[in-house]
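Written out below as structure tokens is the structure these notes cover.
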Amino acid sequence: MKQRIRYRHTDKIYIDLKQRGYTDDQGKIDIDDLLQLDQWHYNGTEPVEMAIDKLCIREGDRVLDVGSGIGGPSRFLARATNCNVTACELLPENHDVGVDLTRRSGMDNSVITHMCGDILTADLGEEYFDGIISIQVFFHVNNKAALFKRCFDLLKPGGAMYIEDFYRTKDINREEREVLTEFLNSTDDMATMMETRGLLEDAGFTGIEEDIPAAYHCAHVSGCFCRFSSG
Ligand SMILES: C[S@@+](CC[C@H](N)C(=O)[O-])C[C@H]1O[C@@H](n2cnc3c(N)ncnc32)[C@H](O)[C@@H]1O
């Protein structure tokens with residue numbers, strides 16, 4: 001799986017930073033400059049703001065960012081709310097850039113903990129989380145049942161999860177499936193919204209809210225925003 005979802009643009013952020021005058025590889029970076037470059041999803045920081053709002057994230061909350069990429073959403077979240085973020089990222093090369101950018105933007109105090117590992121198996125400590133956010137990650141993970149169960153088990157009772165993800169809107173043939181897999185670096189068995197809802201309920205989630213923005217629609221898949229509560 002690591003081979004399949006390897007990102008081709010991990011180091012691009014350093015090129016972008018140089019173009020903005022950050023020529024010292026170890027130098028400090030203004031977080032406001034960084035936030036324009038480090039969000040690996042659509043619509044900049046908007047989804048993270050939505051997550052903060054939907055989950056009512058407050059100072060001191062423990063929040064898990066699943067598939068944190070190079071740490072963009074985690075840094076925004078920590079700065080906006082002063083919550084404690086655990087940024088879990090599968091690929092070491094993304095994780096390493098995330099750690100470096102967090103340090104260079106002066107956010108390497110206790111509010112962000114970077115953790116490299118697969119969300120299904122990573123050691124995330126003993127304490128439960130008040131909230132989980134995950135922006136455009138879940139479509140990479142094959143075993144959705146295990147993924148949702150793991151997330152449910154990581155939440156405190158009453159905790160909630162906010163995800164932005166893609167889902168399949170119709171049946172597709174093998175050729176279309178290959179295109180989709182290649183295009184999205186996704187798993188080849190992308191779930192429909194109905195299947196996703198069933199799997200979430202099986203894991204124990206309740207209060208499932210969906211919002212499907214038109215901007216994300218394409219022929220076979222759509223994106224959606226979802227909030228789930230662990231009841
Ligand atoms: C499209 S990027 C989004 C990154 C980040 N959420 C953001 O919006 O900036 C998806 C990320 O999920 C990570 N990922 C995929 N599967 C994962 C897993 N099983 N556990 C942890 N991270 C995973 C990928 O390595 C990648 O960095």
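Note that the numbering runs from 1 along the sequence shown for the chain. Computed from a predicted structure; not experimentally measured. Just so you know, ligand 1 is whichever comes first in the structure, and atom 1 is the first atom listed for that ligand.
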Give the atom numbers and elements of ligand 1 that come within less than 4.0 Å of a heavy atom of [X].
X: Pro73; result: 7 (C), 8 (O), 9 (O)
X: Leu91; result: 25 (O)
X: Gln136; result: 1 (C), 2 (S), 3 (C), 10 (C)
X: Asp118; result: 18 (C), 19 (N), 20 (N)
X: His41; result: 7 (C), 8 (O), 9 (O)
X: Gly117; result: 20 (N), 21 (C)
X: Ser68; result: 5 (C)

- prompt: Who pairs with Gln36 by side-chain contact (heavy atoms from CB on, under 4.5 Å), at least two apart in sequence or on another chain?
  reply: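 Partners of Gln36 under the side-chain contact (heavy atoms from CB on, under 4.5 Å) test: Arg20.
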task: Just say parallel, tilted or perpendicular for the rings of Phe148 and Phe138, cut-offs at 30° and 60°.
output: tilted
Pairs where residues 57-68 contributes a residue and the test side chain to side chain donor-acceptor pair (under 3.5 Å) is met, not counting sequence neighbours: Asp65-Ser74
query: Considering only heavy atoms, does Asn94 approach ligand 1 within less than 4.0 Å through its side chain, its backbone, both, or neither?
result: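 Just the side chain.
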- prompt: Under a 4.0 Å N-O cut-off, is there an ion pair linking Glu209 with Lys54?
  reply: yes
- request: Determine the sole option in Leu90, Ile119, Leu124 for which the side chain to side chain contact (heavy atoms under 4.5 Å, CB included) test with Val66 is passed.
  value: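 Passing option: Ile119.
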message: Going by the closest heavy atom to atom 20 (N) of ligand 1, which one wins out of Val137, Ile70, Ile119, Val97?
response: Ile119
